[in-house]
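This report concerns only the one structure given below.
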Amino acid sequence: MINTQDLERLKEMIRSEGLSFYIETYGCQMNAHDSEKMGGILLELGYRQATDKFGADIVLFNTCCVRENAENKIYGNVGKLKQVKKQRSHMIIGVCGCMMQQKDAAAHLFRMFPFVDMCFGTTNMQELPEMIAGILLDDKRQLNVKYDVQVEEEMPMLREQPPLASVNIMQGCNNFCSYCIVPYVRGREHSRPMKNIVKEVEFLIEAGYREVLLLGQNVNSYGNNSEEENFPKLLEEIAKTGIDRIRFMSSHPKDAGRDMFEIMARYPNICKQLHLPVQSGSTSLLKRMNRKYSREHYLDLIREVREIMPDIKISTDIMIGFPGETEEEFLDTLSLMREVRYDSSFDFVYSPRKGTPAASMPDQIPEDVKQQRIMQIVALQSELTFESNLRNVGKTELILIEGKSSRDPSMIAGKTDGGVMVNCRGDISLVGEIIPVKITEAKKTTLIGERI
Ligand code: 5AD
Ligand code: SF4
């Protein structure tokens, strides 16, 4: 811990020199939320928010290592700051997040990029003040990737403006899917106490937020070490706070079930949207992935959820090119997608991650086969998404307006209860309002509507 005297010296220095920060975030929503926490710490230290990284006094790269292409991009972007740092030598450059938590990665990065001042892992964010003090006051590079899976409560946070907020309900993952690096870089599961999460949501309501996204690698195992706390109960308690909308991700098919679906159906403020990553439609491949469910079990879940909530929107993660994936196994994934009729999906090409069991499995799939398979998945999903969007035309949906439309700045945009983006005419003063909109047209991934 930094002593009070050094902390005050540091704050004085940051304030008097008017220093600013910039955080570049890669990867998932969890990482984006970690960046909000780091932003909160930096604001508290007296830093201002910079508009771009080239003019900032401290730049943090919050990295992701789930797939190799993200890693390559990050190395490239950190490298680009070398020249900038030559001109602005006082600039602090930090690299943090999942990538740094891989074995020897931080030490390697330090050797490769001598102009990088600090590297730290996913659980060391709260030590940012002492790391910065070490650089600014003692002129020492900082390397801090020790494991300490303590979920910090009541951290300051730099959130986006209302109406949307993310709330972390747990850290880590115990599942060890054979392709995935997450359990190695984020450590074991650790759930936050329910009362703290509920308190945070109540605080967000007070602050004008209307929708929360509950985050965890596997929300269905929330509270696994507790007799009283579990995910359906948590959902119910949050629904009772009266917040307008609740979403959550991700669910794991081996743990999701009727108890959660029934709570979702009972409370109108729990959005009728389910992200249920399947990865593959082939039972034999799911076994090699260590997913712990079969195609049949997954399809039973889908039937059950639709029985309870017929209009629910369902999305998934699909992965192709896992080692040894046969043509038949691949076709099983295509047929499952057709059978479920996903409203949307995130489609990934398998990327070998060092240290995971799948990386050393025989029969890695050649790149051209992976490319040809992913193209088929993407093409099928765009058909399914368009069909799903067409089913919305003519209906009236409640939209929570989030801001200007990204496709047409003269329009405003927000999501339906099911999570589909709708663009409509309207004034920007409607941001944060929930308004009825009649859907008039389906685009490939979004909808067009008219206010009524
Ligand atoms: N290669 C490709 N995709 C991966 N994912 C996780 N690990 C890998 C990997 N090694 C995907 C899974 C997961 C999503 C968040 O990222 O589909 O659900
Ligand atoms: Fe990775 Fe599987 Fe855990 Fe998801 S559930 S984070 S895919 S190990």
Side-chain angles (χ1 to χ4, degrees), residues 25-34 63-73 97-99 101-102 122 149 168-191 213-222 224 231 248-256 274-282 285-293 298 301 314-325 330 333 336-337 340 342 344-361 364-365 367 369-371 373-374 377-378 381:
T25 310
Y26 297 82
C28 65
Q29 310 259 15
M30 191 74 84
N31 250 17
H33 191 52
D34 283 350
T63 64
C64 167
C65 59
V66 169
R67 284 168 290 275
E68 193 185 1
N69 48 10
E71 281 195 322
N72 293 340
K73 201 160 122 196
C98 295
M99 207 169 132
Q101 209 80 59
Q102 285 170 289
T122 46
V149 186
N168 197 201
I169 65 165
M170 60 200 296
Q171 300 271 356
C173 181
N174 291 353
N175 293 307
F176 290 94
C177 301
S178 62
Y179 50 81
C180 185
I181 192 88
V182 169
Y184 304 87
V185 294
R186 288 217 172 238
R188 293 299 70 70
E189 266 170 21
H190 183 102
S191 300
L213 173 62
L214 309 178
L215 294 175
Q217 304 296 345
N218 172 8
V219 293
N220 305 104
S221 59
Y222 171 82
N224 253 358
F231 188 61
F248 54 89
M249 69 189 302
S250 288
S251 288
H252 195 305
K254 80 178 165 60
D255 301 314
L274 180 66
H275 183 65
L276 196 63
V278 69
Q279 314 299 351
S280 165
S282 150
L285 193 48
L286 287 168
K287 197 164 173 53
R288 302 208 295 283
M289 288 178 166
N290 195 30
R291 290 289 287 177
K292 303 195 174 82
Y293 55 87
Y298 187 91
L301 275 181
I314 302 177
S315 58
T316 198
D317 291 346
I318 304 265
M319 184 192 301
I320 60 87
F322 186 86
E325 181 185 58
F330 168 67
T333 299
L336 177 122
M337 287 171 72
V340 177
Y342 287 111
S344 64
S345 72
F346 299 95
D347 310 322
F348 304 108
V349 172
Y350 166 72
S351 165
R353 304 285 66 205
K354 217 165 137 200
T356 61
S360 48
M361 285 181 186
Q364 298 284 329
I365 304 295
E367 210 45 48
V369 178
K370 285 182 177 171
Q371 284 315 315
R373 287 182 182 170
I374 193 76
I377 297 282
V378 171
Q381 186 56 53

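Because the structure is a prediction, the values reported are computed rather than measured. Basis for what follows: all heavy atoms, side chains included, without hydrogens, waters or symmetry-related copies. Read the numbers this way: they start at 1 and go in the same order the structure lists the ligands and their atoms.
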Would you say Ile181 touches ligand 1, if touching means a heavy atom closer than 4.0 Å?
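Heavy atoms of Ile181 never come under 4.0 Å of ligand 1.
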Numbering as shown, the atoms of ligand 2 that approach [X] to under 4.0 Å (heavy-atom distance):
{"X": "His252", "result": "5 (S)"}
{"X": "Pro183", "result": "8 (S)"}
{"X": "Asn175", "result": "5 (S)"}
{"X": "Gln217", "result": "6 (S)"}

Starting from [atom], what is the nearest protein heavy atom, named by residue and atom, and what distance separates them?
{"atom": "atom 12 (C) of ligand 1", "answer": "Gln279 OE1, 3.4 Å"}
{"atom": "atom 5 (N) of ligand 1", "answer": "Arg67 NH1, 3.4 Å"}
{"atom": "atom 2 (Fe) of ligand 2", "answer": "Cys177 SG, 2.3 Å"}
{"atom": "atom 7 (S) of ligand 2", "answer": "Tyr179 OH, 3.4 Å"}

Geometric N/O contact Tyr350 with ligand 1, under 3.5 angstrom:
no
Note: Asp317, heavy atoms under 4.0 Å from ligand 1, region reported as side chain
So Val66 and Val182, do their side chains get closer than 4.5 Å, heavy atoms only?
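The answer is yes; the side chains approach within 4.5 Å.
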Can you tell me how far apart CG (Asp317) and CZ (Phe348) are? Round to the nearest 0.5 Å.
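One gets 5.0 Å once the value is rounded to the nearest 0.5 Å.
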Answer yes or no for Cys173: is there an N/O/S atom below the 2.8 Å cut-off from atom 3 (Fe) of ligand 2?
yes
